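What follows is a short report on a single structure.
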Amino acid sequence: MSKYDQLTELLLHLGDSAIVQAQRLCELCGHAPALEEEVALMNVGLDLVGQARNWLEYAAERIDDGRDADALVYRRDELAYRNLLLVEQPNGDFAVTMCKQFLYDAWHYEILNSLIHSSDERVAGIAAKSLKEVTYHLKRSADWVVRMGDGTDESHQRMVKAVDHLWRYVFELAQLDETKQSVIEQGILPGGEDLPERWLAMVTQVFERATLGVPAPAPSIYLNGQKGLHSECLGILLAEMQFLQRAYPDASW
């Protein structure tokens with residue numbers, strides 16, 4: 001059982017998901033298929049870093065053990081991270097990158113639309129600011145899913161493979177865990193009862209435009225990001241992201 005209350009768990013969930021997805025996008029610096037795409041991906045990543053800082057600063061204040069947002073990012077191991085399993089998965093080819101971004105963006109957009117009405121004023125404020133950015137993220141990633149899914153035979157097949165590869169991890173997006181159920185009851189996530197249905201409706205709409213089929217519901221597996229049970233991918237990602245802080249603790253320049 002977590003030592004933190006459910007609001008703090010939600011803040012960690014949102015902040016960790018944003019920073020891990022941002023790190024994945026940063027890995028594409030110098031490796032995107034076109035200069036314009038590299039700039040766009042880096043901008044999305046920077047947006048997510050800013051959002052992660054806002055969520056994790058609030059979480060650090062609530063935990064109140066001397067750590068700040070930086071310490072939460074750079075000095076926790078994978079078991080303490082609460083991010084979605086989806087975002088920690090490797091980028092793969094451009095179809096996987098954009099499909100993963102879209103599946104996350106659709107969930108991110110819908111949960112923020114609930115959080116802007118939160119009974120917690122600070123949560124509502126962070127959500128409102130984040131929603132402006134995520135609305136653009138969603139439009140862009142959805143456009144790429146449609147462009148590739150309804151494009152050439154090659155791009156269509158790559159997007160089909162991307163969906164097949166990633167879909168096993170969307171069970172977390174398609175159901176309400178204990179944390180979300182609790183914050184719904186507290187009014188922190190108002191209207192969150194139908195969050196999975198809204199996410200699936202968004203995905204279905206875009207997939208239809210992209211001439212992609214919607215797979216059967218993904219079954220739950222033994223992994224669970226909200227409980228710190230991650231795939232092997234997160235530990236590798238954190239080893240790179242946290243290297244400098246761990247090699248030179250408290251260094252400043």
Side-chain angles (χ1 to χ4, degrees), residues 12-56 69-70 72-74 76-109 111-112 130 133-134 136-145 148 158-159 161-173 199 203 223-226 228-246:
L12 292 171
H13 182 51
L14 293 165
D16 290 349
S17 294
I19 198 65
V20 170
Q21 179 64 4
Q23 177 68 13
R24 282 297 186 209
L25 293 177
C26 288
E27 291 174 351
L28 294 167
C29 186
H31 299 282
L35 180 59
E36 293 83 355
E37 283 310 305
E38 181 165 316
V39 172
L41 290 167
M42 295 307 102
N43 281 333
V44 172
L46 286 173
D47 287 345
L48 292 174
V49 169
Q51 293 170 28
R53 174 169 290 282
N54 289 334
W55 294 123
L56 294 175
D70 287 338
L72 289 178
V73 170
Y74 295 113
R76 281 182 300 155
D77 62 25
E78 60 188 285
L79 294 177
Y81 263 72
R82 297 291 180 260
N83 59 277
L84 294 164
L85 294 170
L86 177 69
V87 298
E88 68 194 44
Q89 303 311 308
N91 292 315
D93 65 13
F94 193 64
V96 173
T97 296
M98 295 317 301
C99 183
K100 180 157 74 85
Q101 184 69 46
F102 165 67
L103 294 171
Y104 170 63
D105 287 342
W107 175 86
H108 204 185
Y109 176 84
I111 196 169
L112 290 174
S130 301
E133 298 171 334
V134 173
Y136 162 74
H137 299 174
L138 175 60
K139 181 181 185 305
R140 182 177 175 280
S141 60
D143 285 349
W144 266 113
V145 170
M148 297 185 72
R158 283 179 178 263
M159 189 55 70
K161 291 179 180 179
V163 173
D164 289 345
H165 171 65
L166 295 168
W167 197 255
R168 74 194 72 179
Y169 301 108
V170 305
F171 71 92
E172 291 183 309
L173 287 63
W199 171 80
V203 171
L223 299 175
N224 187 315
Q226 187 71 62
L229 302 175
H230 297 279
S231 67
E232 69 277 7
C233 304
L234 182 62
I236 298 170
L237 180 148
L238 293 180
E240 180 174 351
M241 187 174 79
Q242 298 177 339
F243 171 76
L244 190 62
Q245 262 290 340
R246 292 183 180 275

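Scope of the values below: all heavy atoms of this structure, side chains included, with no hydrogens, waters or symmetry mates. Remember, predicted model here, so these are calculated numbers, not experimental data.
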Could you tell me if the side chain of [Y] sits less than 4.5 Å from the side chain of [X], heavy atoms only?
X: V170; Y: W199; answer: yes
X: I111; Y: L14; answer: yes
X: F102; Y: V203; answer: yes
X: E133; Y: V44; answer: no
X: M98; Y: L41; answer: yes
X: Q242; Y: V73; answer: no
X: Y104; Y: R24; answer: no
X: L25; Y: Q101; answer: yes

Determine, step by step, whether H108 and L48 satisfy the side-chain contact (heavy atoms from CB on, under 4.5 Å) criterion, reporting the C-alpha distance in whole Å, the side-chain angles of both residues, the deciding distance to 0.1 Å, and the verdict.
CA-CA 11 Å; H108 204 185; L48 292 174; 3.9 Å; yes

Indicate the atoms forming the closest heavy-atom contact of [X] with [Y], along with that distance.
X: G15; Y: A52; result: O-CB, 3.5 Å
X: D105; Y: S141; result: OD2-OG, 2.8 Å
X: V145; Y: C99; result: CG2-CA, 4.3 Å
X: V49; Y: A22; result: CG2-CB, 3.7 Å

Return yes if some donor-acceptor pair links the side-chain N/O of [X] with the main-chain N/O of [Y] below 3.5 Å, else return no.
X: E172; Y: N224; answer: no
X: E38; Y: G30; answer: yes
X: E88; Y: S231; answer: yes
X: E240; Y: I236; answer: no
X: H165; Y: V96; answer: no

Starting at [atom1] of [X], measure out to [atom2] of [Y] and round the result to the nearest 0.5 Å.
X: L12; Y: L72; atom1: CG; atom2: CG; value: 6.5 Å
X: E27; Y: L237; atom1: CD; atom2: CG; value: 5.5 Å
X: H137; Y: Q51; atom1: NE2; atom2: CD; value: 6.0 Å
X: M241; Y: L234; atom1: CE; atom2: CG; value: 8.0 Å
X: D93; Y: M159; atom1: CG; atom2: CE; value: 8.5 Å
X: M42; Y: E37; atom1: CE; atom2: CD; value: 10.5 Å

Would R76 and D16 pass as an ion pair if we require N to O under 4.0 Å?
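A salt bridge links R76 with D16.
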
Step by step, would you call L223 with H230 a side-chain contact (heavy atoms from CB on, under 4.5 Å)?
CA-CA 6 Å; L223 299 175; H230 297 279; 5.9 Å; no

Please determine whether side-chain contact (heavy atoms from CB on, under 4.5 Å) holds for the pair W107 and L86, giving the CA-CA distance in whole Å, both sets of side-chain angles, and the decisive distance to 0.1 Å.
CA-CA 11 Å; W107 175 86; L86 177 69; over 6 Å; no

Can you confirm whether more than 12 heavy atoms, excluding those of F171, are under 6.0 Å from its CZ atom?
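It does: F171 CZ has more than 12 such atoms within range.
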
